[in-house]
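Encoded as C-alpha cells, the structure appears first; notes follow it.
Residue numbering restarts at 1 for every chain, and letters A, B, ... go by the order of the sequence lines. This one's a predicted model, so the numbers in the text were calculated from it and none came from an experiment.
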Amino acid sequence: MSNQERDSYNPSAVEEKWQRNWEERGTNSLTLEQLKSAKDPYYQLMMFPYPSAEGLHVGNIYAFTGADVHGRFFRMQGRTVFEPMGFDAFGIHSENFALKIGTHPMDLIPANVDNFTRQLRRIGGMFDWKHSLDTTDPSYYKWTQWVFLKLFEAGLAEQKKAPVNWCPSCMTVLANEQVITGACERCTTPVEQREIKQWFFKITDYAQRLLDNLGFIDWSETTLKAQSNWIGRSEGARLNFSVVYSDDRDTGHNIEVYTTRPDTIFGATYMVLSPEHPMVDKVTDDEHRHSVSEYREEARKSDLVTRQKTDKSKTGAFTGGFCANPATGEQIPIWIADYVLMDYGTGAIMAVPGHDQRDFEFATAFNLPIKRVVAGPEESSDTPLSEAYIGPGFLVNSGEFDGTDVSDSVGVFTKWAKSHGWGEGTVNFRLHDWCISRQRYWGPPIPIIHCDNCGSVPVPEEDLPVILPRVEDFKPDDSGVSPLARVEEWYQTTCPECGGEARRETDVSDTFLDSGWYFLRYPSTDFEDTAFDPEITRRWLPVDTYIGGNEHAVLHLLYSRFLTMVLKDLGYLDFEEPYDVFRAHGLIIAEGAKMSKSRGNVIIPDPIIEEFGADAFRIYLMFLGPFEEGGDYRTEGIQGPYGFLHRLWDTALTATEGTPDPDVERKVHQTVKQVTEQVQELGYNTSIAAMMECLNAIRSGGRQATRTEVEPLIAMIAPFAPHLAEELWEHLGHKESIFEGSNWPSFDESKIIESQVSVAVQVNGKLRGTISVPQDAAEDDVIIAAREEDNVARYLNGVEERRIVHVPGRLVNFVVG
RNA sequence: GCCGGGGUGGUGAAAUUGGUAAACACAGGGGACUUAAAAUCCCCCGGGCUCACGCCCUUCUGGGUUCAAGUCCCAGCCUCGGCACCA
C-alpha cells in the first residue's frame with residue numbers, strides 16, 4: 001500500500017469537502033445581525049499580510065495558524081468569534097515590485113490578492129471572508145482619508161518644511177522608523193538629509209500617554225520593552241547659557257542645552273552645538289567663519305550612516321564664540337560637532353568631559369580642559385581621569401555643593417537652577433513626530449487642497465474618497481515631488497472654500513496610516529456611510545487578542561495605539577488602547593538556519609500541503625516549539641504529526657460503544673485539563689504532545705478505543721486540524737459542524753486523580769528507588785514503605801537518620817549522617 | 001555600550017515554577033509481517049563502569065544558598081533580537 005492508501009484518511013479529499021461545506025453553510029462568517037447582537041463576542045485579530053507576488057510564506061502561515069487555533073478554541077468554548085483577514089496592499093514595496101516587472105500596481109495587486117485568498121482558504125483558517133478588506137480599495141481608503149481629516153481638524157496634522165530622511169535609491173522620504181542605523185530599511189542605501197515640506201502627525205503630544213498605558217496593557221514583554229525604548233523618555237533639565245563677548249559682556253543671546261546631569265554643571269568646560277543649530281551663525285566670529293561653514297557643509301553632506309557611527313573619532317570646529325557657565329561664571333568656548341544631533345533635546349549640550357565619555361573623547365581630541373566634579377569611592381577631587389567617570393560618588397570642585405551624594409544631586413541642581421532663573425527640570429522624549437507624507441504614487445492621496453487665498457483646505461467629507469488616478473508613468477524621480485504632481489488634469493481643482501483655482505496635495509500617505517486603523521474597519525465593512533459603526537464597535541472592540549510579528553513592535557503597533565487615542569479624544573471611540581492582549585509569535589527557521597533564497601532553504605508551503613494536507617502542516621508548525629519563540633522546520637519532522645493524524649483517524653473509525661477503561665479515561669480527563677489550560681496561553685507544542693500521549697494510551701497494546709475515549713480527542717484536535725476533526729465528528733453521528741455550539745470537552749477533577757502515585761525516594765538527595773503508594777496515603781505509611789524499599793534500605797542500614805523530608809505525592813528524602 | 005530573550009541527548013524540544021532531568025516527536029539501530037520493497041506494528045536509543053542487582057557522571061563554565069538546583073543568588077563565556085554619539 002502507498003502512503004495514501006494505507007487507510008482511508010485522504011487529507012486532500014477531506015479538506016476540500018470541509019472547505020466547501022464551510023463556504024456553503026457560512027460557518028466562518030458572521031451575519032450583520034450576529035455582529036450587532038453577539039452575546040459573548042471575541043475578536044481574534046492577526047496582522048494582515050502584504051500580498052506579495054511570491055505568495056504566502058511559511059512565516060505567514062505560522063502566524064495565522066497560531067492565531068486561528070486560538071480563535072477556534074474560544075469558539076468551541078461558546079464564544080462568538082470574529083476572525084477577519086485582509087490585505088495591506090498599498091506602499092512602496094508593491095510599487096517597487098510593479099516597477100521592476102513592468103506591471104501597473106492596479107493590475108498586479110488584484111492578482112496577488114486572488115492568489116493569497118486561494119492559499120489562505122487552503123490552509124483552513126476560520127477567516128470571515130464576508131468582512132475582508134483591502135487597503136487599496138477606494139471604499140477602504142475613503143476612510144483612511146477621513147482619519148487624516150479628523151487629525152487635521154484636531155490640529156494634529158501639520159505641514160512643515162523639515163529635514164527628512166531621503167532614500168536616493170527609492171527616491172522617497174522615509175520615516176525615522178524606516179531608517180536602520182542610517183540606511184534605508186528596504187534597500188540598505190545610505191539615507192541623505194533633504195529639506196522638504198512634509199505632513200506630520202503630532203504623535204509626540206501623546207508620548208507620555210503612550211508610555212503610561214504600557215503599564216496596563218497585556219502585551220508580550222519584549223514588545224512593551226521595545227515601545228518604551230522607542231519612546232525613550234528621559235528626565236533632565238534645560239539650562240540656559242548666555243552668550244558673551246570675550247570681555248565678558250553679555251551679547252543678549254542665550255543658548256539652551258538639555259542635560260540629564262545638571263549636577264555636573266561645574267564640570268562643563270565647553271559647549272557644543274549641532275552643526276545645524278540656528279545659533280551657529282550668531283556665535284561664530286569672523287576669524288572662524290570659514291572653517292565653521294566648511295565643517296557645516298561637510299556635516300550636511302555626510303550621510304547619516306557615517307555620521308551616526310559611534311566608533312568614529314570625534315570631529316568639530318571652534319566657533320570663536322563663548323558663553324558663561326551659569327554655575328561658575330567662567331567663560332567656556334562654543335564648538336560645533338556632529339556628535340550633537342539637532343533633533344534630540346535642544347540640539348546643544350554643555351560638555352562635561354570628566355563624566356561623559358563622548359565629551360571626554362572630544363575634549364581629548366581638541367585639547368579642551370577636563371574637570372573632575374564627581375569623586376567615586378577611594379577617589380578625591382584631583383584623582384586623574386583616564387576616561388569619563390559615571391559611577392556613584394560625591395560631588396567635588398562644585399563650590400557649595402561639594403560632598404553631595406550624586407544619587408540625589410540631580411534634583412538639588414534642578415531646584416537651584418530654577419531658583420536663579422537659568423534652568424528648569426524637563427522631560428525629553430526620543431520619539432519624533434510621525435512623518436506621513438510620501439512623494440510616491442501607490443498610496444491614498446492626502447485629502448488636502450492648496451489654495452492661494454485660503455491655504456491648506458481639507459477636502460470636504462462628502463467629496464471623499466479622493467481617488468488615486470490610474471497613471472501609467474508612476475515612476476518617482478529625483479525632483480522630490482510625487483508622480484501625481486505630473487498629472488495636471490488630476491491635481492487642478494477648485495478650492496472648496498472660495499471656489500477659486502486650487503491644487504490638490506500630490507503626496508500620498510504612509511502605509512502605516514492604512515494599517516493604523518484597519519482593526520476598526522473589519523466589523524463594520526457592511527457599512528458604506530461610516531468608517532466604523534458605533535454600536536458594533538462598542539460590542540467588538542478593543543480587540544481581544546492580537547497576534548503578530550515583533551518586527552512591528554514599534555512601527556505599526558505604536559501608530560495604531562496613537563490613532564486610537566486620538567479617535568477616543570475626538571469622541572469616536574470609548575477606549576484608548578486598541579488591543580487588550582498582544583502576543584508576538586516567534587520566528588520559523590529551516591534546518592537550523594534562517595530561511596533565505598541564497599541558502600536554498602526556503603520552505604514552499606503548497607507542495608507540503610498537497611502531500612500531507614493542511615491539517616498535518618498546521619499541527620507540525622504548532623508542534624515545532626513554543627509559539628512565542630518559533631522553531632526549526634525540518635522536512636522529515638512532519639512525519640510525526642502526519643502519522644498521529646492517521647492513527648487518530650483509524651482509532652476513531654474503529655471505536656466501539658463500550659465502556660471506557662478507567663486508566664484510559666483518567667488519561668483523557670488529564671489531557672482535557674492540560675490542553676484546555678494551555679491552548680489559551682498559546683502552549684501549542686505541549687498541548688499537541690499531550691494529545692499524542694493520550695492517543696498512545698488509548699491505543700496501547702493494540703487495544704481498540706471506545707467512542708467516549710476518542711471523542712474528546714477529536715474535539716481537542718479541532719482547532720489544530722479542523723478538517724479532520726469535522727470529518728470524524730460527522731462520522732460519530734453529529735449533524736452540525738464541530739465549531740457550531742460549545743463542543744469543547746470538559747473534564748472532571750475527580751477523575752483526574754490517580755489512585756496510586758509513584759514517589760521518589762532519596763537518601764541525601766540522591767535517588768535510590770521509587771515506590772508506589774495510594775494517592776491519599778498517610779505520611780507515616782509512605783515513610784515506612786520508603787524505608788522498606790530494598791535499595792533504600794541498603795543505604796539506611798547502619799547510619800543515623802537526621803531528618804526526613806516528605807513532599808506528598810512527589811518524594812521522600814532521608815537525610816542521614 | 002545599554003536593554004531584553006536564550007544556552008538541556010545526534011536533532012526539534014519537555015520538565016506541575018525548588019522535588020524522579022530528557023515527556024512528545026524526528027533521525028538512528030534491532031525485530032515482526034512481506035518473495036521483496038514501501039507502509040504498519042513492537043523493542044532499544046545522554047555518557048561511562050558492570051554478566052547482573054546496581055554505581056558514578058551529565059542541563060554553557062566556575063562559585064554559592066538548600067535536605068534537594070535545569071529552575072534561586074554571584075561572577076564569567078557564547079548566542080539571538082531591539083536600541084544606539086539620545087546628552
Relative to its sugar, using the 90° cut-off around 0, the base of B:U17 is syn

Given the 90°-from-0 boundary between syn and anti, B:G70 should be labelled anti

Between [N] and [M], how many Å separate the two [atom1] atoms, rounded to a whole number?
N: B:U79; M: B:C67; atom1: C1'; result: 36 Å
N: B:G10; M: B:U61; atom1: P; result: 14 Å
N: B:C57; M: B:G70; atom1: C1'; result: 16 Å
N: B:A21; M: B:U58; atom1: P; result: 12 Å
N: B:A15; M: B:U71; atom1: P; result: 15 Å
N: B:U59; M: B:U20; atom1: P; result: 15 Å
N: B:G12; M: B:C72; atom1: C1'; result: 28 Å
N: B:U50; M: B:C56; atom1: P; result: 16 Å

Could you list the donor-acceptor pairs under 3.5 angstrom formed by side chains in residues 761-771 of chain A, with sequence neighbours left out?
unit_1, atom_1, unit_2, atom_2, d
A:N764, OD1, A:V816, N, 2.9
A:N764, ND2, A:V816, O, 3.4
A:R768, NH1, A:Y795, OH, 3.2

Can you measure [X] atom [atom1] to [N] atom [atom2] for me and round it to whole angstrom units?
X: A:E551; N: B:G82; atom1: CD; atom2: P; result: 10 Å
X: A:D343; N: B:A84; atom1: CG; atom2: C1'; result: 14 Å
X: A:H806; N: B:A68; atom1: NE2; atom2: P; result: 18 Å
X: A:I619; N: B:A13; atom1: CD1; atom2: P; result: 19 Å
X: A:L224; N: B:G5; atom1: CG; atom2: P; result: 12 Å
X: A:E628; N: B:G4; atom1: CD; atom2: P; result: 18 Å
X: A:H585; N: B:G81; atom1: NE2; atom2: C1'; result: 14 Å
X: A:E629; N: B:U79; atom1: CD; atom2: P; result: 19 Å

Decide whether a cation-pi geometry holds between A:K314 and A:Y339; the criteria are a distance under 6.0 Å from NZ or CZ to the six-membered ring centre and an angle within 45° of the ring axis.
-> yes

Q. Does NZ or CZ of A:R583 lie under 6.0 Å from the centre of the six-membered ring of A:W219, at an angle within 45° of the ring axis?
A. no

Subject >> Presence of A:Y795 side-chain N/O under 4.0 Å of B:C55 phosphate oxygens OP1/OP2 >> reply: yes

Does A:Y344 put a side-chain nitrogen or oxygen below 4.0 Å from OP1 or OP2 of B:A87? yes

Under 3.5 Å for both donor-acceptor distances, Watson-Crick or wobble: does [N] have a partner, and if so which one?
N: B:U40; answer: B:A32
N: B:G4; answer: B:C80
N: B:A25; answer: B:U11

Comparing nearest nucleotides in RNA chain B, the 5'-proximal residue of the pair A:R803, A:G345 is A:R803

The residue, A:K766 or A:G630, whose nearest nucleotide of RNA chain B is more 5′ is A:G630

Under a 4.0 Å heavy-atom cutoff, the residues of residues 347-355 of chain A touching RNA chain B are A:I349

* To do: Could you please spell out the steps behind the ring pair (Phe, Tyr, Trp, His ring centres under 6.0 Å) verdict for A:Y620 and A:Y633?
  => CA-CA 9 Å; A:Y620 183 43; A:Y633 190 98; 5.0 Å; yes

A:H669 and A:F747: ring pair (Phe, Tyr, Trp, His ring centres under 6.0 Å), yes or no, with the steps? CA-CA 5 Å; A:H669 279 266; A:F747 60 91; 7.7 Å; no

[X], nearest nucleotide to its side chain (from [options]):
X: A:P626; options: B:A13, B:C56, B:C3; answer: B:A13
X: A:N791; options: B:C67, B:G54, B:A87; answer: B:G54
X: A:K314; options: B:A87, B:C85, B:C83; answer: B:C85

Next on the checklist: Under a 4.0 Å threshold between the charged nitrogen and the carboxylate oxygen, would A:E693 count as salt-bridged to A:K667?
Outcome noted: yes

(request) Answer yes or no: is there an ion pair linking A:E677 with A:K673, defined by an N-O contact shorter than 4.0 Å? (result) yes

message: Using a 4.0 Å heavy-atom cut-off, does A:R768 contact any base of the nucleic acid, only the sugar-phosphate backbone, or nothing at all?
response: sugar-phosphate

For A:T223, the side chain to side chain donor-acceptor pair (under 3.5 Å) test, sequence neighbours excluded, returns A:N550

**OP:** Name the orientation class of the two ring planes belonging to A:F362 and A:F366 (parallel below 30°, tilted from 30 to 60°, perpendicular beyond 60°).
**Re:** tilted

For residues 676-705 of chain A, the ring-ring contact (aromatic ring centres under 6.0 Å, His included) pairs (sequence neighbours left out) are A:F627-A:Y684, A:Y684-A:F720

* Asked: Under 3.5 Å, side chain of A:N428 to main-chain N/O of A:R233, donor-acceptor pair present?
  -> no

Contacts of A:K751 meeting salt bridge (Lys or Arg N to Asp or Glu O under 4.0 Å) (sequence neighbours excluded), chain-then-number -> A:E665

Each nucleotide of nucleotides 18-27 of chain B classed B (base within 4.0 Å of a protein heavy atom), S (only sugar-phosphate) or -, in 5' to 3' order, makes -BB--BBSS-

